[in-house]
There are 2 protein chains.
Amino acid sequence: MATRSDYATRPREQVAAILRSRRRFLSAGEIHRELTEHREKISLSTVYRTLEYLQSKGDATVRIDDSGEATYTSCEPASHHHHAICEVCGRVEDVNCDVVDNFTESLRKQHGFELSGHKMEFIGRCRSCR
Amino acid sequence: MATRSDYATRPREQVAAILRSRRRFLSAGEIHRELTEHREKISLSTVYRTLEYLQSKGDATVRIDDSGEATYTSCEPASHHHHAICEVCGRVEDVNCDVVDNFTESLRKQHGFELSGHKMEFIGRCRSCR
DNA sequence: ATCAGTGCAAACCATTTGCAAATTA
DNA sequence: TAATTTGCAAATGGTTTGCACTGAT
């Protein structure tokens with residue numbers, strides 16, 4: 001992941017810093033609010049543009065939440081993995097792909113994560129489009 | 001699933017009919033367009049309200065797509081299951097929950113679905129919130 | 001006659017964009 | 001100085017809502 005000094009401008013460093021410091025998905029609005037509350041001068045559009053930039057650098061991932069709002073977190077892009085999201089605090093655990101086999105046990109053993117629900121979506125080609 | 005006569009008004013029947021006839025996720029706009037193109041007089045807000053109504057009756061499910069847009073399809077609510085979505089035609093296959101164990105083979109065998117990607121999300125409580 | 005369902009237009013809200021000013025290399 | 005990045009305000013686009021009207025029982 002990029003280190004602090006990889007970003008030339010202050011806004012970018014600030015947004016990246018927030019993403020790094022909080023292990024959960026944040027919306028652009030939340031990030032903006034948190035920065036401006038800490039006397040940081042930054043516009044909401046810059047937050048959006050920075051988040052797009054960070055994604056292109058592989059330093060952030062998006063997640064569209066149930067309301068359709070985009071949320072972001074910093075995340076190792078190297079290895080393909082999934083997320084376990086705490087329904088109480090929002091904490092994000094990176095979940096190795098092989099837990100697909102017996103995911104409930106794996107989650108509990110590897111992450112101490114008590115599963116209450118899951119959502120999965122398979123993308124591919126159906127019989128007729130193959 | 002509800003039959004045609006379960007819905008008192010024409011708009012509701014029309015929306016439900018479209019959802020039933022197309023085995024893929026459609027946005028409110030697409031449904032509205034399809035109806036008005038077939039000389040059906042219905043407002044977009046009614047489409048939205050009807051979709052909400054159908055969901056409450058268990059006759060439709062939502063899915064937020066990658067752009068954050070809500071899409072809908074008719075779907076058996078009784079059994080918990082997931083969806084395999086064709087990346088070409090958008091056709092939706094209902095996927096039994098137990099394919100989680102060895103899902104690639106199951107998808108191919110049971111649905112002739114050639115997997116190219118998947119997305120999953122686990123919800124629960126993390127170590128500290130448990 | 002009463003109450004639910006509908007259409008229309010306006011309101012909303014997250015996100016994007018044009019452009020001029022500011023900042024970086 | 002040339003090229004990027006930022007701020008501001010306005011535009012966008014999907015979704016929701018208030019209210020008067022229409023249709024169902």
Side-chain angles (χ1 to χ4, degrees), chain A residues 2-19 22 24-73 90, chain B residues 2-19 22 24-73 90:
Chain A
T3 58
R4 182 160 315 241
S5 55
D6 278 358
Y7 305 116
T9 68
R10 181 165 184 83
R12 291 192 175 174
E13 288 198 9
Q14 295 300 318
V15 172
I18 292 238
L19 248 40
R22 315 264 268 100
R24 62 184 232 81
F25 281 95
L26 297 165
S27 70
E30 286 174 318
I31 294 168
H32 182 247
R33 204 170 311 128
E34 220 165 286
L35 283 173
T36 50
E37 274 170 4
H38 289 6
R39 349 181 165 39
E40 207 52 54
K41 196 164 91 41
I42 184 174
S43 76
L44 183 54
S45 12
T46 297
V47 172
Y48 275 107
R49 283 189 275 230
T50 300
L51 288 167
E52 199 173 340
Y53 167 78
L54 291 175
Q55 283 178 73
S56 76
K57 295 258 296 178
D59 291 346
T61 351
V62 219
R63 171 181 120 86
I64 307 293
D65 71 14
D66 289 340
S67 76
E69 191 174 6
T71 57
Y72 309 83
T73 196
Chain B
T3 59
R4 182 158 316 239
S5 54
D6 278 357
Y7 306 116
T9 66
R10 182 165 185 81
R12 291 191 175 175
E13 290 199 7
Q14 296 301 318
V15 172
I18 293 241
L19 247 39
R22 316 263 268 101
R24 61 183 234 81
F25 282 96
L26 297 166
S27 70
E30 285 174 319
I31 294 168
H32 182 248
R33 204 171 309 127
E34 221 165 283
L35 284 173
T36 50
E37 275 171 3
H38 290 5
R39 348 182 165 37
E40 207 52 55
K41 195 164 91 39
I42 186 175
S43 76
L44 183 55
S45 12
T46 296
V47 173
Y48 275 107
R49 282 190 274 230
T50 300
L51 288 168
E52 201 173 340
Y53 168 77
L54 292 176
Q55 284 177 73
S56 76
K57 296 260 295 178
D59 291 346
T61 352
V62 219
R63 172 181 119 85
I64 307 293
D65 72 13
D66 289 341
S67 76
E69 194 173 5
T71 58
Y72 309 82
T73 195

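Predicted, not measured: the structure shown is a model, and the values here were computed from it. In what follows, chains are A, B, ... by sequence order, proteins preceding strands, each numbered from 1.
Checked by atom type and distance alone, the side chain of A:Thr46 never pairs as donor or acceptor with a backbone atom of A:Ile42 at under 3.5 Å. Judged by distance alone, the side chain of A:Glu34 and the main-chain N or O of A:Ile31 form no donor-acceptor pair under 3.5 Å. The backbone N or O of A:Arg10 lies less than 3.5 Å from no partner atom in the side chain of A:Glu13, so there is not a single donor-acceptor pair.
A heavy-atom distance below 4.0 Å to DNA chain D is reached by none of the residues of residues 28-38 of chain B.
When the C1' atom of D:dT15 is taken as reference, atom CG of B:Asp65 falls 14 Å away, rounded to whole Å. Distance, A:Gln14 CD to D:dT5 C1': 15 Å, rounded to whole Å. The distance between atom CZ of B:Arg12 and atom C1' of C:dG7, rounded to the nearest whole Å, is 15 Å. Straight-line distance from the CD atom of B:Glu52 to the P atom of C:dT6: 13 Å, rounded to whole Å. When rounded to the nearest whole Å, the span between CD1 of A:Ile42 and C1' of D:dT6 equals 9 Å. The distance between atom CD of B:Glu69 and atom P of D:dT12, rounded to the nearest whole Å, is 18 Å. Atom OH of B:Tyr7 and atom C1' of D:dT25 are 19 Å apart (whole Å). When rounded to the nearest whole Å, the span between CD1 of A:Ile64 and C1' of D:dT15 equals 16 Å.
The cationic atom of A:Arg63 (NZ for Lys, CZ for Arg) does not lie both less than 6.0 Å from the six-membered ring centre of A:Tyr72 and within 45° of the ring axis.
The side-chain heavy atoms of A:Leu26 and A:Arg22, taken from C-beta on, include a pair separated by under 4.5 Å. Between A:Ile64 and B:Ile64 there is a side-chain heavy-atom pair separated by less than 4.5 Å. Looking at heavy atoms from C-beta onward, A:Thr61 lies out of side-chain contact with A:Gln55 at the 4.5 angstrom threshold.
A salt bridge is absent between B:Glu52 and B:Lys57; no separation between the charged side-chain nitrogens and carboxylate oxygens falls under 4.0 Å. Salt bridge annotation for A:Glu30-A:Arg24: present, with a cationic side-chain nitrogen under 4.0 angstrom from a carboxylate oxygen.
Screening residues 24-48 of chain B for ring pair (Phe, Tyr, Trp, His ring centres under 6.0 Å) gives B:Phe25-B:His83 as the qualifying pairs, with residues at least two apart or on separate chains.
Side-chain nitrogen and oxygen atoms of B:Tyr48 include at least one within less than 4.0 Å of the OP1 or OP2 phosphate oxygen of D:dT15. Here B:Ser45 does not reach the OP1 or OP2 of C:dG7: none of its side-chain N or O atoms lies under 4.0 Å away. In this model, the phosphate group of D:dT6 is approached by a side-chain N or O of A:Thr9 to a distance below 4.0 Å at OP1 or OP2. The shortest distance between the side-chain N/O atoms of B:Ser43 and the OP1/OP2 oxygens of C:dG7 is below 4.0 Å.
Bending across the helix from C:dC12-D:dG14 to C:dA25-D:dT1, expressed as the angle between its end axes from five pairs apiece, amounts to 20° (10° rounding).
Toward the 5′ end of DNA chain D lies the nearest nucleotide of A:Lys41, the other residue of the pair B:Gly68 and A:Lys41 mapping further downstream.
Within 3.5 Å, a donor on the side chain of B:Arg49 pairs with an acceptor on the base of C:dG7, or the reverse.
If you check every strand for non-hydrogen atoms under 4.0 Å, B:Leu44 touches a base.
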